[in-house]
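Accompanying notes for the structure given below.
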Amino acid sequence: MHIFDSVQKTKRLFTPQVDDKVTLYVCGPTVYDDAHLGHAKSALVFDLLVRVLKANDYSVTYARNITDIDDKIIKKAVEQNKSIKEITEFYTNAFHKEMAQIGVSRPDLEPKATESLDAMYMLIRKLIDSNHAYQTEDGDIYFDTSSDSQYLTLSKRVQNEDEKINRVENSSHKKNSSDFALWKSVKDGTIIFDSPFGAGRPGWHVECSAMIEKHLAFENNKFAVDIHGGGADLLFPHHENEAAQTRCGTNHALANYWMHNGFVNIDGEKMSKSLGNSFFLKDALKVYDGEVLRFYLLSTHYRSNFNFNEDDLTASKKRLDKMYRLKKRFFGLAENRDKTLFQEELLKALSDDLNISNALALIDEMITHANETLDTAGKHKELKAETLSNLAYIEELLGFGAKNPFEYFQSGVDEETRAKIAELILKRDEAKKAKNFATSDKIRDEVLSYGVSIMDTPQGTFWEKV
RNA sequence: GGUGCCAUCGCCAAGUGGUAAGGCCGCAGCCUGCAAAGCUGCUAUCCCCAGUUCAAAUCUGGGUGGCACCUCCA
């Protein structure tokens, strides 16, 4: 398997540190608001990565944190006169529910900041003891970036001298402008945790380093985790700072491979609250099927920026429809799990830094070939077995096609309408049998008025929601 | 201003030295009572200029045009 390492900026052969065991850590959401399409994209990308790693016979331990200590959470709690816990539980539950709707499996570990304070204290202690961190007069603890000769090697950033001077003047107690908070002492009497360093709350960056150390890292490994992932915007400063903390506070580097997913834009615009709420996953799910969203958001390479657009989504849906129509032709038949050449090629494509475009092209070709063979030789036993196996493999590896195909095409249509459509189709079939085509076509128009299309097959007449 | 990324058919999108995958849309045809679905066929030389090479979309230099990060952010 090959992975593009976004720090070394090159595609590297993936080799775990320990045998066939892979540790993966991905920065998860800060639970102060609803998940947007960007959260969905990131979760989907690493969900796919885990599936592909497993298909390559790796044993994967995947951790994605929940940041439930944060200034924005506190702000919201104060605004809504609720407890921190009420806010974080609400959004954590919503996150889980929405991720499930787009087929994202739960990670093996989902550490919360509030449950990892001990690990943070330990790391901060080590950093202070080794002179990589210092406490100011007012109780804040900062990481001393000048103490780390490798600082900024991750994001390959060059510090701006002018800015450096300005910031030091603005922030009275920091030694260097780039120093970042490990611990913020309480100043306004809001939310506090009692730590050995006084009351306050941890900085964002230290949460991840500490959780990785607590849950995934082995003391004497060269790297704390094999792969560290997250959105492209996290490279600096978040990952840079995480890496510095781990490097200076433990005896290993943070990650061997870094993966950063591209951004989701809406109709060419960067997502922002001023654009309204259309970018919330929950709102997208009101309009589009979760699996269609999954397919669409995964349909382009994970490192590219993604432009969310309704026309493209529609085109993408048609591609998924085609797979389900093939599944219809096999519905009810027993699954077969023999490994086929197609499956080997599919895995090979995805093992090349998750090349989804090549994978989807292979799927399209497989579908076309299966349809073609089925059209010309309906009772092709071998083909049936192979196709069933292929569809099951796609479901496992990519999470596409798990639904009942009839349900897939008819989702969102209420019982009453379904009954009415069924009744009309029955009438039409009678008219057709009597070769009364004027009547049957009239009935068809009536069926179509429900926003569905119908298709006559050897197995009978079926309808799909348009 | 600093750093970095990108530019492939009407649209989406692979391909990083060996002669342009796939999907959507469109056109023609097969199938069908007619449709729909399915199938078949057709449609680009890769932003511009210069260079390296037997060979470049792929490498180098220059240009033009987008975008991202540098503050919280997936």
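Lettering of chains follows the sequences in order, A, B, ..., and the numbering in each one begins at 1. All of these numbers come straight from a predicted model, not from anything done at the bench.
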Quiz item: To the nearest angstrom, how far is A:Phe4 atom CZ from B:G4 atom C1'?
Solution: 11 Å
Quiz item: Starting at NE2 of A:His238 and ending at C1' of B:U71, how long is that distance when rounded to a whole Å?
Solution: 15 Å
Practice problem: For A:Gly28, report the nucleic acid contact type (base, sugar-phosphate, nothing); a contact means any heavy atom under 4.0 Å. | Solution: sugar-phosphate
Quiz item: Using a cut-off of 4.0 Å on non-hydrogen atoms, how would the nucleic acid contact of A:Gly38 be classed: base, sugar-phosphate, or nothing?
Solution: base
Quiz item: OP1, OP2 of B:C39 versus side-chain N and O of A:Thr368: anything below 4.0 Å?
Solution: yes
Quiz item: Looking across every strand, which nucleic acid part, if any, lies under 4.0 Å from A:Lys41 by heavy atom: base, sugar-phosphate, or nothing?
Solution: nothing
Self-check item: A:Asp321/A:Lys317 salt bridge by N-O under 4.0 Å criterion
Solution: yes
Quiz item: When you compare B:G15 with B:A57, how far apart are their C1' atoms, in angstrom units rounded to a whole number?
Solution: 9 Å
Practice problem: Return the value, rounded to whole Å, for the distance between atom CZ of A:Arg319 and atom P of B:C12. | Solution: 14 Å
Quiz item: Is any N or O donor-acceptor pair between the side chain of A:Arg325 and the base of B:A37 shorter than 3.5 Å?
Solution: no
Practice problem: Could you work out which one of B:A36, B:A13, B:A21 sits closest to the side chain of A:Thr300? | Solution: B:A13
Exercise. Determine the contact category for A:Asn265: base if any of its heavy atoms lies under 4.0 Å from a base atom, sugar-phosphate if only primed atoms, P, OP1 or OP2 are that close, otherwise nothing.
Key: nothing
Quiz item: Whom does B:C54 pair with, Watson-Crick or G-U wobble, provided both distances fall under 3.5 Å?
Solution: B:G18
Quiz item: Contact class for A:Val264 vs. all strands (heavy atom < 4.0 Å): base, sugar-phosphate, or nothing?
Solution: base
Quiz item: So what does A:Ser304 touch, heavy atoms closer than 4.0 Å: a base, only the sugar-phosphate, or nothing?
Solution: sugar-phosphate
Exercise. Please state whether the base of B:G33 and the side chain of A:Asp441 form at least one donor-acceptor pair under 3.5 Å?
Key: yes
Quiz item: Heavy atoms under 4.0 Å, any strand shown: does A:Asp364 hit a base, just sugar-phosphate, or nothing?
Solution: sugar-phosphate
Quiz item: CG of A:Leu424 versus P of B:A36: gap in Å, rounded?
Solution: 20 Å
Quiz item: Considering only side-chain heavy atoms of A:Lys9, which listed nucleotide, B:G4, B:A36, B:A74, is closest?
Solution: B:G4
Exercise. Provide the distance between the two P atoms, one in B:A20 and one in B:U43, to the nearest whole Å.
Key: 13 Å
Practice problem: Assign A:Ser42 to base, sugar-phosphate, or nothing according to its heavy-atom contacts below 4.0 angstrom with the strands shown. | Solution: sugar-phosphate
Exercise. Please work out if A:Glu365 contacts a base, only the sugar-phosphate, or nothing of the nucleic acid, heavy-atom cut-off 4.0 Å.
Key: sugar-phosphate
Quiz prompt | B:C59 and B:C5, which share atom name P, separated by this distance in whole Å | solution = 12 Å
Quiz item: What do you reckon, is NZ of A:Lys427 surrounded by more than 12 foreign heavy atoms closer than 6.0 Å?
Solution: no
Practice problem: Classify the side chain of A:His36 versus the base of B:A74 as yes if they form a donor-acceptor pair under 3.5 Å and no if they do not. | Solution: yes
Practice problem: Using whole Å, report how far NE2 of A:His369 lies from P of B:C39. | Solution: 12 Å
Quiz item: Which whole number of Å gives the distance between the C1' atom of B:G10 and that of B:G26?
Solution: 9 Å
Exercise. Would you mind classifying the nucleic acid contact of A:Ile454 as base, sugar-phosphate or nothing, using non-hydrogen atoms under 4.0 angstrom?
Key: base
Quiz prompt | Note: A:Lys282-A:Asp34 ion pair, threshold 4.0 Å (strictly below) | solution = yes
Quiz prompt | Which residue lies more 5' along RNA chain B, comparing A:Lys318 with A:Lys72 via nearest heavy atoms | solution = A:Lys318
Self-check item: Given B:G4, B:A21, B:A74, the nucleotide with the shortest approach to the side chain of A:Thr30
Solution: B:A74
Exercise. Measure the distance between the ring centre of A:Phe263 and the centre of the six-membered base ring of B:A74, then answer whether it is under 5.5 Å with planes under 30°.
Key: yes
Practice problem: Please measure how far the C1' atom in B:U8 lies from the corresponding atom in B:U58, and state the result in whole Å. | Solution: 11 Å
Practice problem: Measure from the side chain of A:Arg329, starting at C-beta and using heavy atoms only, and say which of B:A14, B:G38, B:C39 lies closest. | Solution: B:G38
Quiz item: CD of A:Glu372 versus P of B:A37: gap in Å, rounded?
Solution: 18 Å
Exercise. Compute the centroid of each ring, for A:Phe14 and then for A:Tyr257, and state whether the two points are separated by less than 6.0 Å.
Key: yes
Self-check item: Nearest-neighbour nucleotide for the A:Asp233 side chain, B:A74, B:G38, B:A14 considered
Solution: B:A74
Self-check item: Sidechain N-carboxylate O distance under 4.0 Å for A:Asp140, A:Lys184
Solution: no
Quiz item: Are the charged groups of A:Asp47 and A:Arg51 less than 4.0 angstrom apart, N to O?
Solution: yes
Quiz item: When all nucleic acid strands are considered with a 4.0 Å heavy-atom cut-off, which category describes A:Ala315: base, sugar-phosphate, or nothing?
Solution: sugar-phosphate
Exercise. Could you please name the option among B:A21, B:G33, B:A35 that lies closest to any side-chain atom of A:Asn358?
Key: B:A21
Quiz prompt | Given RNA chain B, 5'-ward residue of the pair A:Ala438 and A:Thr457, judged by closest heavy atom | solution = A:Ala438
Quiz item: Who is the Watson-Crick or G-U wobble partner of B:G26, with both distances under 3.5 Å?
Solution: B:C42
Practice problem: Of all the heavy-atom pairs spanning A:Met99 and A:Ala35, show the shortest one and how long it is. | Solution: CE-CB, 4.3 Å
Self-check item: Rounded distance in Å between the P positions of B:G29 and B:A36
Solution: 13 Å
Quiz item: Counting any heavy atom closer than 4.0 Å, what does A:Asn305 reach on the DNA or RNA strands: base, sugar-phosphate only, or nothing?
Solution: sugar-phosphate
Exercise. Check whether any side-chain N or O of A:Asn309 sits under 3.5 Å from a backbone N or O of A:Asp312 as a donor-acceptor pair, and report yes or no.
Key: yes
Quiz item: Between B:A36 atom P and A:Arg428 atom CZ, what is the distance in whole Å?
Solution: 12 Å
Self-check item: Distance-only donor-acceptor test, A:Arg444 side-chain atoms vs B:C34 base atoms, 3.5 Å
Solution: yes
Quiz prompt | P spacing across the pair B:A56 / B:U64, given as an integer number of angstrom | solution = 26 Å
Practice problem: Indicate, with a heavy-atom threshold strictly under 4.0 Å, whether A:Lys322 touches base, sugar-phosphate, or nothing. | Solution: sugar-phosphate
Practice problem: Scan every strand shown for a Watson-Crick or G-U wobble partner of B:A7, both distances under 3.5 Å, and answer none if you come up empty. | Solution: B:U64
Self-check item: d(CG, A:Leu235; P, B:A74) in whole Å
Solution: 15 Å
Quiz prompt | Under-4.0 Å salt bridge between A:Lys442 and A:Asp445 | solution = no
Practice problem: Could you measure between the two P atoms, the one in B:C47 and the one in B:A14, and give it in whole Å? | Solution: 15 Å
Quiz item: Using purine N1 to pyrimidine N3 plus N6-O4 or O6-N4 for Watson-Crick, or N1-O2 and O6-N3 for G-U wobble, each under 3.5 Å, what pairs with B:U71?
Solution: none
Quiz item: Looking at A:Lys75 and A:Asp70, does any basic side-chain N land under 4.0 Å from a carboxylate oxygen?
Solution: no
